[in-house]
Number of protein chains: 2
Amino acid sequence: MAHTTRERLLDAGLEMLLQHGYNDLGIQALLQATGTPKGSFYHYFRSKEDFALQVIDRYMDEVHQGLDAALGDQSLPPLDRARRFFELSREKYRRDGYLGCMLGGLGQELSGINPTFAEKIEGCFGELTQRLSACLEEARQRGDIPLDSDPRELANLLLNCWEGAALRSRLWRDPTPLDQMLDFYFLAATRG
Amino acid sequence: MAHTTRERLLDAGLEMLLQHGYNDLGIQALLQATGTPKGSFYHYFRSKEDFALQVIDRYMDEVHQGLDAALGDQSLPPLDRARRFFELSREKYRRDGYLGCMLGGLGQELSGINPTFAEKIEGCFGELTQRLSACLEEARQRGDIPLDSDPRELANLLLNCWEGAALRSRLWRDPTPLDQMLDFYFLAATRG
DNA sequence: TTAAGAATAGACCGGTCAGTCTAGTGAGGT
DNA sequence: ACCTCACTAGACTGACCGGTCTATTCTTAA
C-alpha cells in the first residue's frame, strides 16, 4: 500500500504533537516511534513544518466530522447541537488523556514565532466559528437566544472560552473545567 | 551593583519567554540580546529550567501588583474590582504587543512534557483564583451575584475563559476577544 | 597591600537537531 | 527479461543545543 507509511507518520504525529507540541517533537523520536527510516519521512514531507501542517489538516478532518455529527443532527434544537459538538470534543479529549486541543496548543506555542502556523491555526478557528455561528444564527431565528444577539461574536466567544477551559483541563488532566464552562455559557447565552 | 546582571537577564527573559516560549528560547540568544557572557548566566542560574521558573516568579510579582491595585480599591464594588484587574491585564498585554499571558503560553507548551512547570503554573493559577474568589465571595455576600453562586467555581471560570480569550487575542494581535469575554462574563455572572 | 570571593569571559564539550545524500530494494509495466 | 520509479534505508552534515570548565577581572574588606 502506497499510503501506509505516510498514514502511520501522520497518525503518530497527531498523538505526539498533541503531547509534545512542535519544538519538543524531534523527527528522530517520531521515526523511532513508528519504525520509519528518515528517507521515507522526507520522501513524503518537504520538512518538519510541512509535516506538522498536514497533521493539523488531519486534526481538522476529525473536527469537521464532529461538527457534522453534532450540528447535522436535526432531531436536536440548534443550541443543543452546538453543545453536543463540544461534548463530543470532551470525549475525544478524555480518550487522549485530557491533553487539550491541538489548535490551542500549537497556537500558543507557535503564534509568536511562526506566521505560517499562526495563519493556519487562525484559519482553523475561522472554519470552526463559521459553522458554529450558522448554528447559533438558527437558534437566534427560533428565538432560543435573544434576537439581538450576534451569532458570530457568540461563536467566537464560545470557542475562545472552550480553549481556555481546555488548557485548564490539560493542567488538571480532568474534564471539570470543560463541563463548567459549557454549563455557564449555554445558560448565559439563552438569556442574552 | 551585584544584582544588575541577574535583573537584566530576568527582564529579557520575561520578554523573550512571552514571545518565543520555552523551547524556542535559546540561552545563546538571551545572552546575545543582553550582552551577557555565559559564565554569568550559569553563575546566577542553575539551569535554563531554573531560570524560566524564576522568570515566572517575576511575572507573578507583576500579576500580584495588578491584583493589589484592582482588588484593593475599596471605592469600587467587588465585581468592578475583579473586572478592573483584567482590564489592567489587557493594558499590559497591549504594551507587550498582545502576546497573551505567559502562564497560558508556558502552560500549553510545557504541561504535557514537564511536570515541574505544570505544577508551577497550576500553582500560579491557584494563587490567582484564590484572590479572585475572595473578591467574588464579597460580591455574593452583598447580593451582587446570586447567593447560591460558588465563588471558587466562578473564579476558575473567569480565569479560564480569560486565558482562552488571551490566546485568541495573541492570534489576532488585538484586544477584541478580551473585551467581549469580559462583557459576556460579568453580565452573565450577575444574573447567575 | 593583599587575600578572597564574586562576577565576568568565552572556549569548549557531547549530544541532538533538521535536513541531505547516495545506495539499495521491490513491485508493475512492457 | 528488463527497465523504471516509488519507496526504503541509514550514514552523514553542519549548525546549534544546554551545560561545563578554566582563566581572568573586579570588589571589598582585612
Side-chain angles (χ1 to χ4, degrees), chain A residues 1-58 105-106 109-110 112-118 120, chain B residues 1-58 105-106 109-110 112-118 120:
Chain A
M1 204 92 66
H3 286 185
T4 288
T5 299
R6 183 171 173 277
E7 295 290 307
R8 190 160 24 97
L9 287 167
L10 289 173
D11 278 344
L14 214 42
E15 203 176 306
M16 296 178 81
L17 268 184
L18 185 61
Q19 170 156 26
H20 291 272
Y22 184 79
N23 284 310
D24 189 59
L25 171 60
I27 301 288
Q28 209 66 250
L30 176 77
L31 301 178
Q32 192 155 1
T34 53
T36 313
K38 208 162 221 184
S40 299
F41 179 89
Y42 283 97
H43 175 72
Y44 292 109
F45 306 101
R46 247 170 296 127
S47 64
K48 182 185 178 183
E49 177 175 314
D50 176 47
F51 172 71
L53 290 169
Q54 291 194 42
V55 170
I56 295 175
D57 285 334
R58 220 179 154 76
L106 295 180
E109 182 182 1
L110 300 174
I113 51 179
N114 188 321
T116 304
F117 278 101
K120 175 77 176 180
Chain B
M1 204 94 67
H3 286 185
T4 287
T5 298
R6 183 170 173 278
E7 295 290 306
R8 189 159 24 96
L9 287 168
L10 288 173
D11 278 344
L14 215 42
E15 203 176 306
M16 296 179 81
L17 269 184
L18 185 60
Q19 170 157 26
H20 290 273
Y22 184 79
N23 284 309
D24 189 59
L25 172 59
I27 301 288
Q28 209 66 248
L30 176 77
L31 300 179
Q32 192 154 2
T34 53
T36 312
K38 208 162 221 185
S40 297
F41 180 89
Y42 283 96
H43 174 74
Y44 292 109
F45 306 101
R46 248 169 296 126
S47 63
K48 183 185 177 183
E49 177 175 315
D50 175 47
F51 172 70
L53 290 169
Q54 291 194 42
V55 170
I56 295 175
D57 284 335
R58 220 179 155 75
L106 296 180
E109 181 182 1
L110 300 173
I113 51 179
N114 189 319
T116 304
F117 277 102
K120 176 76 176 180

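Model, not experiment: these values are computed from the prediction. Letters A, B, ... are given to chains in the order of the sequence lines, protein chains preceding strands, and every chain is numbered from 1.
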Tell me whether the side-chain N/O atoms of A:Thr36 come closer than 4.0 Å to OP1 or OP2 in D:dT8. no

Please determine, for the side chain of A:Pro37, which listed nucleotide (C:dA9, C:dA7, D:dG10) has the closest atom? D:dG10

Could you report the tightest heavy-atom contact between A:Ala52 and A:Tyr22, atom names first, then the distance? CB-CE1, 3.6 Å

B:Glu7 CD to C:dA7 C1', in whole Å, measures 15 Å

Are any of A:Thr5's side-chain N or O atoms less than 4.0 Å away from OP1 or OP2 of D:dC7? no

Nearest heavy-atom neighbours spanning B:Leu30 and B:Ala12: CD1-CB, 3.9 Å

Could you go over nucleotides 14-22 of chain D and give all protein N or O partners under 3.5 Å, atom names and distances?
| from | atom 1 | to | atom 2 | distance (Å) |
| --- | --- | --- | --- | --- |
| D:dG18 | OP1 | B:Leu25 | O | 3.2 |
| D:dG18 | OP1 | B:Lys48 | NZ | 2.9 |
| D:dG18 | OP2 | B:Ile27 | N | 2.9 |
| D:dG18 | N7 | B:Lys38 | NZ | 3.4 |
| D:dG19 | OP2 | B:Tyr42 | OH | 3.0 |
| D:dG19 | OP2 | B:Lys48 | N | 2.8 |
| D:dG19 | N7 | B:Lys38 | NZ | 2.9 |
| D:dG19 | O6 | B:Lys38 | NZ | 2.4 |

Nearest-Å distance, CG (B:Leu31) to C1' (C:dA11)? 14 Å

B:Phe41 ring centre to B:Lys48 NZ or CZ under 6.0 Å, with the angle to the axis within 45°? no

How many whole angstroms separate atom CZ of B:Arg6 from atom P of C:dT8? 12 Å

Without decimals, in angstroms, what is the distance between B:His43 NE2 and D:dT25 C1'? 13 Å

With the side chain counted from C-beta on, respond yes when B:Asn23 and B:Ile113 share a heavy-atom pair under 4.5 Å apart, and no when they do not. yes

What do you reckon, is CD of B:Glu15 surrounded by more than 12 foreign heavy atoms closer than 6.0 Å? no

Mark yes when over 12 heavy atoms from residues, nucleotides or ligands other than B:Glu49 sit less than 6.0 Å from its CD; otherwise mark no. yes

